[in-house]
Number of protein chains: 2
Amino acid sequence: MPGPISPWRVTGTRERRRELKRDAVILAAARAFRARGYHHTSLDDIAALLHVTKPTLYYYVASKEEMLFECFRAGLDRIATACSKARRGTASGREQLIEVVRSYVEAITSDFGWCMVRAEDQDLGPELGARIRQLKSEIDQEIRRLVRAGIADGSIGDCDPKMVAFALAGALNWIPHWYRDNASLPASAIADRFVEVFVHGLAPRREGALPGKSS
Amino acid sequence: MPGPISPWRVTGTRERRRELKRDAVILAAARAFRARGYHHTSLDDIAALLHVTKPTLYYYVASKEEMLFECFRAGLDRIATACSKARRGTASGREQLIEVVRSYVEAITSDFGWCMVRAEDQDLGPELGARIRQLKSEIDQEIRRLVRAGIADGSIGDCDPKMVAFALAGALNWIPHWYRDNASLPASAIADRFVEVFVHGLAPRREGALPGKSS
DNA sequence: CCGAGTCTATACTTGCTGGTAGAAATCCTA
DNA sequence: TAGGATTTCTACCAGCAAGTATAGACTCGG
């Protein structure tokens with residue numbers, strides 16, 4: 001739906017143009033993968049999206065694998081950035097975690113969301129696959145860290161940080177399975193609902209919540 | 001890890017033996033898909049697992065697609081069954097939901113869990129793909145129904161049933177991404193942790209909470 | 001022990017798609 | 001406008017894996 005990506009016919013220095021085109025290739029790949037799935041997308045399909053032929057793609061990218069990797073990275077980087085930003089803040093563990101969740105939802109509903117989640121690192125060679133697993137693991141560790149921080153500062157109740165991280169990441173990573181950018185809530189609204197559930201749980205909230213521990 | 005599947009060389013009536021072998025083919029396929037991914041698993045691989053050759057598989061199954069479909073179904077059926085069982089009970093919406101979650105975790109950590117979740121219905125033709133989507137949708141609706149029931153009977157607080165269902169299903173469906181039957185918690189323990197998070201949330205619990213819990 | 005039905009293997013076809021060789025077009029600089 | 005670098009195209013290859021034709025082997029009732 002977002003317009004065609006055409007840095008072909010565009011101005012700027014050589015290097016700059018090349019860079020833009022390469023990005024366009026990655027983005028087109030991401031959209032195609034999302035629409036048809038990695039294995040059902042041929043390079044000709046991607047080339048067609050750009051009104052170009054297959055060998056042209058290879059001028060910007062070494063292999064189909066590399067395209068997938070770059071899509072992966074594009075998404076994961078956004079989340080990693082959000083994590084380290086949260087980390088620099090001074091808010092409570094819970095607040096930081098919530099911030100990360102918001103960024104996570106933004107990233108995962110982007111064009112690259114699908115690739116981050118549905119593409120198997122099996123589809124990447126051992127080389128790139130390992131790098132992706134590394135990135136994923138870092139994010140996982142970061143989430144656990146935030147949960148532990150929250151427990152430490154009292155903003156999060158006692159729980160198993162590992163399982164909480166899995167549950168949270170699972171809920172978030174699943175979004176691309178049902179999210180349709182036409183027909184779904186905007187990312188921020190989704191984030192709100194998720195935060196609500198994860199912070200307060202399903203149990204009916206008892207009245208008399210406010211500060212103070214009168215139960 | 002669970003031993004080789006060999007109903008080859010086994011007794012029983014003709015029909016019975018055929019049925020057993022067909023099941024064995026499906027199970028072998030499920031394990032292979034889980035280990036290597038659908039697209040990276042050749043029929044020769046599956047045949048090798050059974051110490052048999054590829055054409056033999058075709059004697060029990062019409063196509064690779066059908067194998068995937070049957071794996072899918074094997075897993076989803078377990079969950080659907082759990083749903084309708086829960087439905088027959090008289091417990092509160094929340095209790096019923098929790099029961100479903102437990103069954104869900106059991107199913108999703110089984111050999112078929114991977115297929116239920118990681119296989120794209122894109123890999124199935126329009127025919128089978130539609131049937132799978134149907135099954136998935138039924139389960140989704142069932143979860144939403146339980147949430148609404150819980151809200152109605154007061155066992156669940158006010159919330160958006162659709163988003164809650166998505167969050168819950170996401171967390172559960174993600175399990176195959178990290179679950180390793182050697183190295184992870186047993187299914188029941190995972191279910192416990194998940195229930196804990198989803199029922200009570202991350203916010204520190206104020207004293208004097210609701211009546212305790214269970215098994 | 002025979003032959004109809006059941007089961008399995010050998011050996012092949014076929015289509016698709018990732019990837020490439022090398023020529024042609026285009027662009028920039030001088 | 002010449003000529004070298006950059007960019008894109010046409011045409012092709014190779015390999016893999018799904019699926020099949022067909023013949024051989026096993027089982028079991030009669």
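Quick note on labels: first sequence line is chain A, next is B, and so on, each numbered from 1.
One interatomic measurement links the two molecules: OH of A:Y60 to C1' of C:dG18, which rounds to 20 Å at whole-angstrom precision. What separates CE of A:M67 from C1' of C:dT17 is a distance of 13 Å, to the nearest Å. In this structure, CG of A:L57 is placed 15 Å from P of D:dT7, rounded to the nearest angstrom. In this structure, B:E15 places its CD atom 16 Å from C1' of D:dT27, rounding to the nearest Å. For the pair A:L50 CG and D:dC9 P, the computed distance is 11 Å after rounding to whole Å. Here the C1' atom of nucleotide C:dC16 and the CG atom of A:D45 are 12 Å apart, to the nearest Å. Protein atom CD of B:E66 is 11 Å distant from nucleotide atom P of D:dG19, rounded to whole Å.
Proximity of A:Y59 to the phosphate of D:dT8: no side-chain N or O atom is located under 4.0 Å from OP1 or OP2. Residue A:R18 has no polar side-chain atom (N or O) positioned under 4.0 Å from OP1 or OP2 of D:dT6. A:T56 has a side-chain polar atom (N or O) that falls below the 4.0 Å cut-off from OP1 or OP2 of D:dC9. Side-chain N/O atoms of A:T53 include one lying less than 4.0 angstrom from OP1 or OP2 on D:dC9.
The side chain of A:V52 has D:dC9 as its nearest neighbour among D:dA21, D:dT8, D:dC9. Residue B:P55 has its side chain nearest to C:dT10 when only D:dT7, C:dT10, C:dT8 are considered.
Residues A:E19 and A:R22 are not paired through a salt bridge, judged by the lack of any N-O separation under 4.0 Å between the basic side chain and the carboxylate. Under a 4.0 Å N-O distance rule, the pair B:E15/B:R18 does not qualify as a salt bridge.
Using a 4.5 Å heavy-atom threshold, the side chains of A:V117 and A:I175 count as separate. Looking at heavy atoms from C-beta onward, A:R144 lies in side-chain contact with A:D140 at the 4.5 angstrom threshold.
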Could you walk me through whether B:H39 and B:D123 satisfy the side chain to side chain donor-acceptor pair (under 3.5 Å) test, starting with their C-alpha distance in whole Å, then the side-chain angles of each, then the deciding distance to 0.1 Å, before giving a yes or no? CA-CA 9 Å; B:H39 291 281; B:D123 296 332; 2.9 Å; yes
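A cation-pi contact, defined as under 6.0 Å to the ring centre and within 45° of the axis, links B:K64 to B:Y38. In this structure, A:R193 fails the cation-pi test against A:F198, since its NZ or CZ atom is not both closer than 6.0 Å to the six-membered ring centre and inside 45 degrees of the ring normal.
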Which nucleotides of nucleotides 13-18 of chain D have their base under 4.0 Å from a protein heavy atom (B), which only their sugar-phosphate (S), and which neither (-), written as one string 5' to 3'? -----B
Contacts under 3.5 Å, N or O only, protein and nucleotides 28-30 of chain C:
| residue | atom | partner | partner atom | Å |
| --- | --- | --- | --- | --- |
| C:dC28 | OP1 | A:R17 | NH1 | 3.2 |

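Among A:E70, A:R73, A:R133, A:E65, the one residue that satisfies the side chain to side chain contact (heavy atoms under 4.5 Å, CB included) test with A:L128 is A:E65.
For the pair B:C115 and B:A30, the tightest heavy-atom approach, listed with the atom from each and the gap, is SG-CA, 4.0 Å.
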